[in-house]
Trainee: 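Sharing a structure here in structure tokens format.
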Amino acid sequence: MSGRAASILLATVLLVALASGCPRSPQEPESLPAFYNQPLPAVPLSEAETTVGQMVEKWASKSGRATPELDPGLILVCRAVANRMARGKPGAIDDFSNATLQKEMLRYGISDSAVRTQMASSFKLTDIETRLGAGVMEELADGRYTHFGVGEVRRLWPPLHYVTLVFSRRPVRLDPFPKTADVFDAIALSGTLLVGLTNPIVYISDPSGKVREPNVRVQPDGSFRANVFFNEGAGVYRVEVGGDSPLGPEVAALMPVNVGGVADDEEATPNPVEDTEARAKILVIRQINRERRAAGLPPLAIFAPLARVAQSHAEEMRELKYAAHASPKTGMAADRATAAGIHWRRIGENVAVNQSAMTAHASLMESPGHRANVLDGEVTYVGVGVAFADDGHGHRVVYLVENFVALQ
């Protein structure tokens, strides 16, 4: 082999090696928003992202629904997640967690609480339609989602397209709210509930985990305003906005606020193995009681009739593919408990769907309203329901129900 030929071969090998770790991705913005719900400028789509966006329009049409609104912030989130997947090891999509998505959403100032992600990788972009079409049409069929984002990153070697779609429900229009504040700041939280949500409510958890409910002033035009006080020392406060929907109480937005220069840098710990639904329930109950002890509260005892109520609701949510307090068959948690012969004087319920029971519970603890149920000093019994399912792509989905009661 001549020296020139050897040099060409070596350069080719080096280029292939470099390309294997350098996905081609659209440029990220120069700065991140300092506020949640901050209006972002339009984000031009790449040619590949435009193609996938057109697929979404077609899937929505086939589902008999209007296409959700394309959102600049969600586009940036999708690109960031797709880039993570492209730079990861083989099988990175299988290892994806909702925590990754939530981290990116917070970076871009998106406070939406109800989101759903669809991801795929393929050598041909046209194959994405086959891989994601059925799942997306199922998500769009009930008309729940109002906004979406699309991101595509191409890995040069192997030449794979990594595509991320995020669908979001945004039933509240919130004015910009800061990601950071100083101790003793008082900041107005304002917005308007949109169609499908009434009776706005705000919860705030301080760094110790204590939950407060400030007064919310509602105007005749549906707008509302509440004052948020950061007067319990430095740390991470969590602000939640919710309301009443046809399916029961709904969390519309979640906004962690770093107060006094203290960041929320706690690393997620590996979740224990949840090989059976029974094992998952035990792990969740143990975690609930750990959190209660840490808050100076007595642990909760398992109440078998309440556990059966929770399990039945979890299985129904799996069967009907929804996650809400209001059941089309059994009503609300109070109705289910009463029908089971439980004589209660106080009852609370948390519901969630996630990739595992423990991550579902962790997401509930991020919500001040749900945290308040777990740390309710008046309840004495707990019942937990867990139902495993498949998302259609070979990944586990877990429906979790937590019921809390004080008996008469």
Side-chain angles (χ1 to χ4, degrees), residues 29 31-41 69 71-74 76-77 102-115 146-147 168-245 249-264 363 365-373 375:
S31 61
L32 295 172
F35 290 79
Y36 294 108
N37 320 308
Q38 179 176 326
L40 299 176
E69 180 182 339
D71 183 77
L74 289 176
L76 297 174
V77 168
Q102 291 164 358
K103 182 177 180 179
E104 294 299 339
M105 288 179 62
L106 296 179
R107 287 180 67 226
Y108 290 106
I110 298 174
S111 63
D112 302 342
S113 176
V115 294
T146 59
H147 295 75
S168 168
R169 171 169 166 76
R170 194 171 296 169
V172 60
R173 181 171 55 249
L174 291 174
D175 296 324
F177 194 81
K179 293 181 177 180
T180 61
D182 291 328
V183 179
F184 299 119
D185 274 355
I187 301 175
L189 170 65
S190 58
T192 304
L193 294 185
L194 305 179
V195 176
L197 212 60
T198 59
N199 303 322
I201 189 169
V202 175
Y203 292 107
I204 306 157
S205 63
D206 63 31
S208 71
K210 184 175 65 177
V211 178
R212 291 176 282 136
E213 183 181 335
N215 180 54
V216 178
R217 299 182 297 281
V218 184
Q219 302 301 319
D221 62 358
S223 64
F224 64 90
R225 182 184 178 93
N227 289 322
V228 178
F229 295 93
F230 299 104
N231 53 2
E232 296 295 332
V236 178
Y237 293 68
R238 287 178 168 81
V239 181
E240 173 184 311
V241 179
D244 294 331
S245 78
E250 178 178 343
V251 178
L254 286 170
M255 297 175 285
V257 179
N258 297 331
V259 176
V262 178
D264 190 9
S363 71
M365 292 301 289
E366 292 292 312
S367 157
H370 292 96
R371 174 187 286 268
N373 283 337
L375 302 182

Trainee: With sequence neighbours excluded, what pairs up with Arg371 under the salt bridge (charged side-chain N to carboxylate O under 4.0 Å, His left out) test?
Mentor: none

Trainee: If we only count heavy atoms from C-beta on, is the Leu254 to Pro368 side-chain gap below 4.5 Å?
Mentor: yes

Trainee: Under the salt bridge (charged side-chain N to carboxylate O under 4.0 Å, His left out) rule, collect the residues that match up with Glu232, sequence neighbours excluded.
Mentor: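 Salt bridge (charged side-chain N to carboxylate O under 4.0 Å, His left out) list for Glu232, sorted by chain: empty.
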
Trainee: Which pair of heavy atoms, one from Gly233 and one from Pro207, lies closest together, and at what distance?
Mentor: O-CG, 4.2 Å

Trainee: Residues two or more places apart in sequence or in another chain: which of them pass side chain to side chain donor-acceptor pair (under 3.5 Å) with Ser168?
Mentor: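 Side chain to side chain donor-acceptor pair (under 3.5 Å) check on Ser168 returns Asp112.
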
Trainee: If every non-hydrogen atom of Ala252 is compared with every non-hydrogen atom of Pro171, which pair is closest and at what distance?
Mentor: CB-CG, 3.8 Å

Trainee: Tell me, please, which residues at least two apart from Thr180 pass side chain to side chain donor-acceptor pair (under 3.5 Å).
Mentor: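 Result, side chain to side chain donor-acceptor pair (under 3.5 Å) vs Thr180: none returned.
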
Trainee: Which atom pair, heavy atoms only, marks the closest approach of Ile204 to Pro214?
Mentor: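 Smallest interatomic distance, heavy atoms only, reads CD1-CG, 3.7 Å.
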
Trainee: A side-chain contact here means heavy atoms from C-beta on lying under 4.5 Å apart; do Leu174 and Met255 qualify?
Mentor: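 Side chain of Leu174 against side chain of Met255, heavy atoms only: contact under 4.5 Å found.
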
Trainee: Excluding sequence neighbours, so at least two apart, what forms ring pair (Phe, Tyr, Trp, His ring centres under 6.0 Å) with Phe230?
Mentor: Tyr237

Trainee: Shortest non-hydrogen contact from Ser245 to Glu250?
Mentor: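 Between these two residues, the closest heavy atoms are CB-OE1, 3.4 Å.
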
Trainee: Could you tell me whether Lys103 atom NZ has more than 12 heavy atoms of other residues or ligands within 6.0 Å of it?
Mentor: no

Trainee: List in chain and number order the residues that pass side chain to side chain contact (heavy atoms under 4.5 Å, CB included) with Glu69, two or more places apart in sequence or in another chain; answer none if no residue qualifies.
Mentor: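 By the side chain to side chain contact (heavy atoms under 4.5 Å, CB included) rule, Glu69 matches His147.
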
Trainee: For Tyr36 and Pro256, indicate whether the former's side chain and the latter's backbone hold a donor-acceptor pair under 3.5 Å.
Mentor: yes

Trainee: Taking it one step at a time, do Phe224 and Val172 satisfy side chain to side chain contact (heavy atoms under 4.5 Å, CB included)?
Mentor: CA-CA 11 Å; Phe224 64 90; Val172 60; 4.0 Å; yes

Trainee: Measure the spacing between CG of Asp71 and CG of Leu40 and express it to the nearest 0.5 Å.
Mentor: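 Rounded to the nearest 0.5 Å, the CG-CG separation comes to 7.5 Å.
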
Trainee: Would you give the length of the straight line joining atom CD1 of Ile110 to atom CD of Glu104, rounded to the nearest 0.5 angstrom?
Mentor: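 Atom-to-atom, Ile110:CD1 and Glu104:CD are 10.0 Å apart.
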
Trainee: Please find the pair of heavy atoms, one from Pro176 and one from Pro39, that lie closest to each other, and give the distance.
Mentor: CG-CD, 4.2 Å

Trainee: Taking all non-hydrogen atoms of both residues into account, name the closest pair between Val77 and Met105 and its distance.
Mentor: CG2-CA, 3.9 Å

Trainee: So, taking the atom named CZ in Arg212 and the one named CG in Asp206, what distance separates them when rounded to the nearest 0.5 Å?
Mentor: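 Answer for the CZ-CG pair, Arg212 versus Asp206, is 6.0 Å.
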
Trainee: The criterion is side chain to side chain contact (heavy atoms under 4.5 Å, CB included); which residues satisfy it with Asn215, sequence neighbours excluded?
Mentor: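 Listed in chain order: Arg217.
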
Trainee: Considering residues at least two apart in sequence or located in another chain, which fulfil the side chain to side chain donor-acceptor pair (under 3.5 Å) criterion with Ser367?
Mentor: Glu240, His370

Trainee: With rounding to the nearest 0.5 Å, note down the distance linking CZ in Arg107 to CG in Leu76.
Mentor: 9.5 Å

Trainee: Between Thr146 and Arg170, is there a donor-acceptor pair closer than 3.5 Å when you use the side chain of the first and the backbone of the second?
Mentor: yes

Trainee: Drop me the distance from Ser113's OG to Gln102's CD, to the nearest 0.5 angstrom.
Mentor: 8.5 Å

Trainee: Verify, without hydrogens or angle tests, whether Asn258 (side chain) and Gly261 (backbone) share a donor-acceptor contact under 3.5 angstrom.
Mentor: no

Trainee: Pairs of donor and acceptor atoms involving the side chains of residues 182-200, under 3.5 Å and at least two apart or interchain, shall be tabulated with distances.
Mentor:
| from | atom 1 | to | atom 2 | distance (Å) |
| --- | --- | --- | --- | --- |
| Asp185 | OD2 | Asp182 | N | 2.9 |
| Ser190 | OG | Asp175 | OD2 | 2.5 |
| Thr198 | OG1 | Asp244 | O | 3.4 |
| Asn199 | ND2 | Asp244 | OD2 | 3.0 |

